[in-house]
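A quick write-up on the structure given underneath.
Naming convention: chains lettered A, B, ... in sequence-line order (proteins, then strands); numbering from 1 in each chain.
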Protein chains: 2
Amino acid sequence: MATSEKRHEILRAALELIAEHGFHDAPIAAIAERASVGAGTIYRYFENKDVLITELFQELHDRIWTGLLKGYEPDTSLRERFVHLSTALLRYFIDNPLDFRYLEQYHNSPYGVAFRRDRLLGSGGGGDLYRILLEEGVAQQIVKDIPLVVLFALAFGPLLAVARDHILGFVVLDESLIAQTVQACWDGIKR
Amino acid sequence: MATSEKRHEILRAALELIAEHGFHDAPIAAIAERASVGAGTIYRYFENKDVLITELFQELHDRIWTGLLKGYEPDTSLRERFVHLSTALLRYFIDNPLDFRYLEQYHNSPYGVAFRRDRLLGSGGGGDLYRILLEEGVAQQIVKDIPLVVLFALAFGPLLAVARDHILGFVVLDESLIAQTVQACWDGIKR
DNA sequence: ATTTTCGGAGTGAACATTCACTCCGAAAAA
DNA sequence: TTTTTCGGAGTGAATGTTCACTCCGAAAAT
């Protein structure tokens, strides 16, 4: 097995186990077994479990935002861009439930808080796309004039909640329901 | 110290430690120490850690919903009732950050999923207040005709996100901002 | 042959839970 | 009233388990 394959297998195994059972019920031994790798091998690729967890997050995060960038049409109306982005994001979560569950775990942990703090100040990553979008909306008086953080909450809060409910089987999100949800998010932030 | 005081001290200590550090970084020994109680004593009041965690959740949950019931005016308009409930809920979270953090932890854990599953089918508790409100809104065609679960996501998603951001210090929610947020939630669900 | 990479038994720390014991107020005996 | 006995709440050291991480002989690559 090529060495980069091993790294990939470890990440995949970690994603599966952590998404299903949480950080604390995904022991290194179990990750190693699922990756068909010795426990010690993991430490050849990742300094420790924290690093593994963080790098896996980075990988997923990058994958999502570069994916969203594709098919993004900067020259359509603000509303269209918002709807497109949000729909794509929601679809991604539905199609990749493991990724979603992992990201949620990460966010609801000390790591996640630190990440958001850094992000809010500096920036980086692709969430900027949304920030620019919303700031433009505020400037053009299309979007409510409230702090960016609150706009994020209004836009993402329902999206995440609805994705979670779908993945847990509390509701089945078909295309129509996805569209209605995204529209409702827009209703929440638009003036 | 009266015996019921001890139980209370244990719950208080557990709330503080778990809210701050999470379930897994709040060892029984630490809870015992903060409660000024021997480790073994905890097991006189609670069968095990899981039971302690669950009973603490129940206690907080009941406290919140009975609190919300006060000052609830069943004869005002649908919108007024929604705004009143949501505002009160958001205020409660802001005023009781430990409770909020604890409830979030609980929700984002296997316990929480089981709880919601039971809740969605059967019912019970005070969240029913919201369910009735929203169902009435749908019936009267004031609220969007989409599944209840999605309406909950639209109403609570932003509320929780915003409360989290406030507690983590990413935004300061004053009265005006609270009102605007709740209004935006209403905009999201109303037809 | 030499260097690099693997693997998984081994290690010590941390944890939830238990249990043999203490302690004290209240009841019973004196 | 004074002394003795009793019950059960309270305790924390001891226990067994689980975990992240290490380390060194074996295997693969060069």
Side-chain angles (χ1 to χ4, degrees), chain A residues 1-59 101-102 105-106 108-115, chain B residues 1-59 101-102 105-106 108-112 114:
Chain A
M1 192 188 292
T3 134
S4 76
E5 255 185 82
K6 250 173 215 209
R7 191 189 136 92
H8 185 260
E9 280 303 292
I10 293 167
L11 286 172
R12 193 186 49 76
L15 171 63
E16 290 177 13
L17 285 172
I18 293 175
E20 283 171 33
H21 305 299
F23 292 125
H24 294 282
D25 288 316
I28 289 283
I31 295 175
E33 192 183 2
R34 184 169 295 209
S36 306
V37 141
T41 305
I42 292 182
Y43 291 88
R44 303 203 59 73
Y45 291 91
F46 305 96
E47 194 187 328
N48 56 44
K49 203 183 179 185
D50 272 19
V51 169
L52 166 57
I53 287 171
T54 304
E55 292 197 6
L56 178 49
F57 170 76
Q58 287 293 351
E59 206 136 309
R101 300 259 271 155
Y102 185 88
Q105 304 253 6
Y106 189 88
N108 296 314
S109 79
Y111 307 114
V113 174
F115 174 77
Chain B
M1 193 189 288
T3 133
S4 76
E5 253 185 86
K6 247 171 214 206
R7 192 189 135 91
H8 185 260
E9 279 304 292
I10 292 167
L11 285 172
R12 192 185 50 74
L15 172 64
E16 290 178 13
L17 286 173
I18 293 175
E20 282 170 35
H21 305 299
F23 292 126
H24 295 283
D25 289 316
I28 289 284
I31 295 174
E33 191 183 2
R34 184 170 296 207
S36 307
V37 142
T41 306
I42 291 182
Y43 290 87
R44 303 198 59 77
Y45 292 91
F46 305 95
E47 195 187 325
N48 56 45
K49 202 182 179 185
D50 271 19
V51 169
L52 166 58
I53 286 170
T54 303
E55 292 198 7
L56 178 50
F57 170 75
Q58 286 293 350
E59 208 137 306
R101 300 259 273 155
Y102 185 87
Q105 304 251 7
Y106 190 88
N108 296 314
S109 79
Y111 307 115

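- Rounded to whole Å, atom C1' of D/dC21 lies 11 Å from atom CD1 of A/I42.
- Applying the salt bridge (charged side-chain N to carboxylate O under 4.0 Å, His left out) test to every pair with at least one member in residues 42-59 of chain A, sequence neighbours left out, gives these pairs: A/R7-A/E55, A/R7-A/E59.
- Applying the side chain to side chain donor-acceptor pair (under 3.5 Å) test to every pair with at least one member in residues 12-26 of chain A, sequence neighbours left out, gives these pairs: A/E9-A/R12, A/R12-A/E16, A/E16-A/R34.
- For A/F46, the ring pair (Phe, Tyr, Trp, His ring centres under 6.0 Å) criterion is met by no residue, not counting sequence neighbours.
- Under the Watson-Crick or G-U wobble criterion, with both distances below 3.5 Å, C/dC21 is paired with D/dG10.
- Atom CD1 of A/I10 and atom P of C/dT5 are 14 Å apart (whole Å).
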(message) Output one letter per nucleotide in nucleotides 7-20 of chain C: B when a protein non-hydrogen atom lies under 4.0 Å from the base, S when only the sugar-phosphate is that close, - when neither is.
(response) BB------SSBB--

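- Residues passing the side chain to side chain contact (heavy atoms under 4.5 Å, CB included) test with B/A29: none are found, sequence neighbours excluded.
- B/Y43 is linked by a ring pair (Phe, Tyr, Trp, His ring centres under 6.0 Å) to nothing, counting only residues two or more places apart in sequence or in another chain.
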